[in-house]
Structure formats: C-alpha cells, structure tokens
Amino acid sequence: MPKLNASNAVAALMCAALILLPVYSAATGNIFILTLFTRITIYALAAASLNLIMGYGGMMSFGHAAYLGIGGYAVGILAAEGIGSGFIQWPVALVVSALFALLIGALSLRTRGVYFIMITLAFAQMAYYVASALSRYGGDDGLTVYKRSDFAGLINLSDRNQFYYLCLACLFGGLYLIWRIVNSRFGLVVQGVRSNEQRMQAIGFHANRYRLVCFVIAGTICGLAGALLANNTDFVSPAVMYWTRSGDLMVMVILGGMGSLFGPVVGAIVYLLLEELLSQFTEFSGLILGPVLLLIVLFARGGIMGLLGRMRRG
C-alpha cells in the first residue's frame, strides 16, 4: 500500500477535483472552467506520453507534438470524407501515429544527444509542412471538423460533461498504462538503459529495441490525445504540430516533475492555468510566464512534485 506523503496527497486531491469538476461547473453555472479543463486533460495526456520517453527513457524528443497533429488530422480527414464513426477514426489515428513514431524512432534512435533532438524536430517540421500543403484539407488555414466522432449512440461527444469524462477516462487510462509499463520488466530495462546503456548492452539487452517500442507506445498515446483535441476544438491545424507546441509539452513535463507519474498532469494544469490567467491581463503573457517558469525550474529541482517530496523530507 502506497505511503501517504505530500506528493501522493496532492495527486489524490487533484484526481478527486478533476472527477468532481463537472459537478462544480453545473452548480455554479461556470461552463468555461469545464471547457478549460477539458483542454487541460487532453494536453496532460500528451505530456504524460512525452514523460514516458523523456522522464523514464531519457529520450529528449523535440517533435512530440507531431502526433497530436497526426491524430487530429486522421479524425478530420476521415470526417471530411464522410467517415464519421469513432470506431474507425480513432483506431486509424492510433495506427498512423504508431507507424509515424516507428519511422521516426527507427531513424532517430541511431543517434544520441543533440542529434537525436534535432532529428525528432526535423521529422515534426516535415509533418507540419506536409499538413500545410494539404490544400484539399485546408492547408495553412486548417481543417474544420463539422461533426464530432460518432460512437453509435454509446456516448455523445457534443455533450460537455460526457466529453469531459471521456477525456478524463483517457487520461487516467493512459496514466495507468504508463504506470504498468514503468513498473514492468520492460520498463525497468528502459530505465536501466537510460541510466547506463553500456552495462545493459553488456548483460544482453538490445537497448534500441526497448527504446523503439517505448517510443512507439508514447507516440500512440499522444495520437489519442490528438483525436481528442480535434473533437474538442472541432478544428485541426498544422500549427498544432509546430515545434513550439512540442516545447510547451516539454515545459509541462519539466514543470510538473520529469520521471514522476502525475508530474506531467500537475505541470499541464499549472502551465495552462497560468497561461490563461496572464492572457487576461496582457497579450505579452509569455514575457511574464517565461521568467516564472525559469524560477520554478531553477529553485524547484525535480519540478513541483520533486519540491513536494523535499518538503516532506525537510
């Protein structure tokens, strides 16, 4: 049974608050907060998938947002072609994201360090420019999704509460999957490769095979977040694949606590809430948000979750 500490308490309270949020929204008539946190849960899922390879696998991918766009465009393009079933759209989004991750991983994992970062960035930019060139599907202007995914009446994605709980279920399901992976023999090997690749190779583990599988799983989870994002905004644009969006995901992971299960969720909540709050006062919110995040990273080593752990020990 997990010990009760500051990190676990915050995670438990956060989960309870997320579950009860629609109740608060209905009681207060505040629809905006439900809309905002629907977006937050989607980006938290994408950040958690990045944390799998970056926090646990030591792979600093600067092109992770490409899978958001791929998942979103899979839904949008199929909808534009008259295929509205979520039972088709979402599996296609997952498969295409997995195949793209397999291609990127197979090539980029031949390198290390800054070269790995630059190759993942280059592939993401390629995806961005390909999406921009799809004039049939909006090109630079993006693609409007006129009808959300249909699940044969089992769930209505146009209903705010139902869609929010679907996003939340995907987030919790993604976190559970990541927890199972990290604590499995496979996950322990991936973490061992991150710590000492030469030693793991010497005792018989093929490091790149484990890294590649981990890379594909992370890309697939992020593709699911992309499918959710397209349904949430009723729109998908090449901008969602741009390198700055990958940077946002990295900030969420680092801010919350890289290598901790709930760190990316905390990071996504804090980052997007700060972004929303500051945007109400100035259009140059980035000039304020940047130094604030810098201070948190400098003085809260291990992110917010790491800071909570040190407070308990201190």
Side-chain angles (χ1 to χ4, degrees), residues 6-51 65 68 71-72 75 144-145 148-149 151 155-176 222 224-237 239-240 245 248-249 251-253 255-257 261-286 288-290 292-293 296 303-305 308:
S7 299
N8 290 340
V10 167
L13 289 173
M14 178 182 65
C15 291
L18 290 174
I19 292 170
L20 295 174
L21 186 69
V23 178
Y24 170 80
S25 176
T28 59
N30 188 345
I31 297 173
F32 174 73
I33 194 170
L34 187 61
T35 303
L36 175 60
F37 270 85
T38 299
R39 177 170 174 259
I40 287 173
T41 56
I42 294 170
Y43 277 103
L45 178 61
S49 68
L50 176 59
N51 185 47
L68 275 175
V75 170
T144 300
V145 182
R148 294 188 176 186
S149 301
F151 286 94
I155 183 170
N156 180 12
L157 300 193
S158 296
D159 182 276
R160 292 188 183 91
N161 290 331
Q162 291 187 41
F163 184 62
Y164 172 78
Y165 278 121
L166 174 64
C167 294
L168 192 61
C170 289
L171 173 59
F172 287 162
L175 290 173
Y176 176 71
C222 195
L224 174 60
L228 290 168
L229 187 63
N231 279 281
N232 182 50
T233 58
D234 299 317
F235 181 77
V236 60
S237 162
V240 78
R245 190 56 54 86
D248 289 340
L249 294 178
V251 169
M252 292 174 196
V253 174
L255 177 62
L261 184 63
F262 285 96
V265 183
V266 174
I269 292 173
V270 172
Y271 180 77
L272 293 174
L273 284 179
L274 277 174
E275 185 180 66
E276 182 63 32
L277 179 64
L278 292 174
S279 67
Q280 295 179 10
F281 296 100
T282 174
E283 58 182 305
F284 303 107
S285 57
I288 303 172
L289 187 60
V292 169
L293 295 175
I296 293 173
I304 296 171
M305 299 301 279
L308 291 173

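- When all heavy atoms of Pro264 and Gly257 are compared, the closest pair comes out as CD-O, 4.3 Å.
- Among all heavy-atom pairs drawn from Leu228 and Phe163, the shortest one is O-CZ, 3.4 Å.
- Gln162 contributes no side-chain N or O that, together with a main-chain N or O of Ile155, makes up a donor-acceptor pair within less than 3.5 Å.
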Give the table of side-chain donor-acceptor pairs shorter than 3.5 Å for residues 17-34, with sequence neighbours excluded, one pair per line with atom names and distance.
from, atom 1, to, atom 2, distance (Å)
Ser25, OG, Asn30, O, 2.6
Thr28, OG1, Tyr24, O, 2.8
Thr28, OG1, Asn30, N, 3.4
Asn30, OD1, Phe32, N, 3.2
Asn30, OD1, Ile33, N, 3.2

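- Here OG1 of Thr38 is found 11.5 Å from CG of Leu229. Values are rounded to the nearest 0.5 Å.
- For the residue pair Phe262 and Leu175, the shortest heavy atom distance occurs at CE2-CD1, 3.8 Å.
- Considering all non-hydrogen atoms of both residues, Cys167 and Thr41 come closest at CB-OG1, 3.5 Å.
- Taking CG of Leu68 as the start and SG of Cys222 as the end, the distance is 4.0 Å to the nearest 0.5 Å.
- In this structure, Leu157 and Arg148 approach most closely via the heavy-atom pair O-NH1, 2.6 Å.
- Between Leu224 and Cys170, the closest side-chain pair of non-hydrogen atoms falls below 4.5 Å.
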In a table with atom names and distances, give each donor-acceptor pair under 3.5 Å that connects a side chain of residues 265-280 to protein atoms at least two apart or in another chain.
from, atom 1, to, atom 2, distance (Å)
Tyr271, OH, Asp248, OD1, 2.8
Ser279, OG, Glu275, O, 3.3
Ser279, OG, Glu276, O, 2.7

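- Shown here for Ala47 and Val253, the closest heavy-atom pair between the two residues is O-CG2, 3.3 Å.
- Between Arg160 and Tyr165, the side chains place no donor N or O within less than 3.5 Å of an acceptor N or O (distance only, hydrogens not considered).
- Proximity of Tyr164 to Thr35: side-chain heavy atoms (C-beta onward) are nowhere separated by under 4.5 Å.
- Taking CG from Leu168 and CG from Leu45, the interatomic distance works out to 10.5 Å, rounded to the nearest 0.5 Å.
- Note: Ile304 CD1 to Leu255 CG = 4.5 Å, rounded to the nearest 0.5 Å.
- Between the CG atom in Asn232 and the OH atom in Tyr43 there is a gap of 9.0 Å [rounded to 0.5 Å].
- With rounding to the nearest 0.5 angstrom, the CG atom of Asn231 is 8.5 Å from the CG atom of Leu166.
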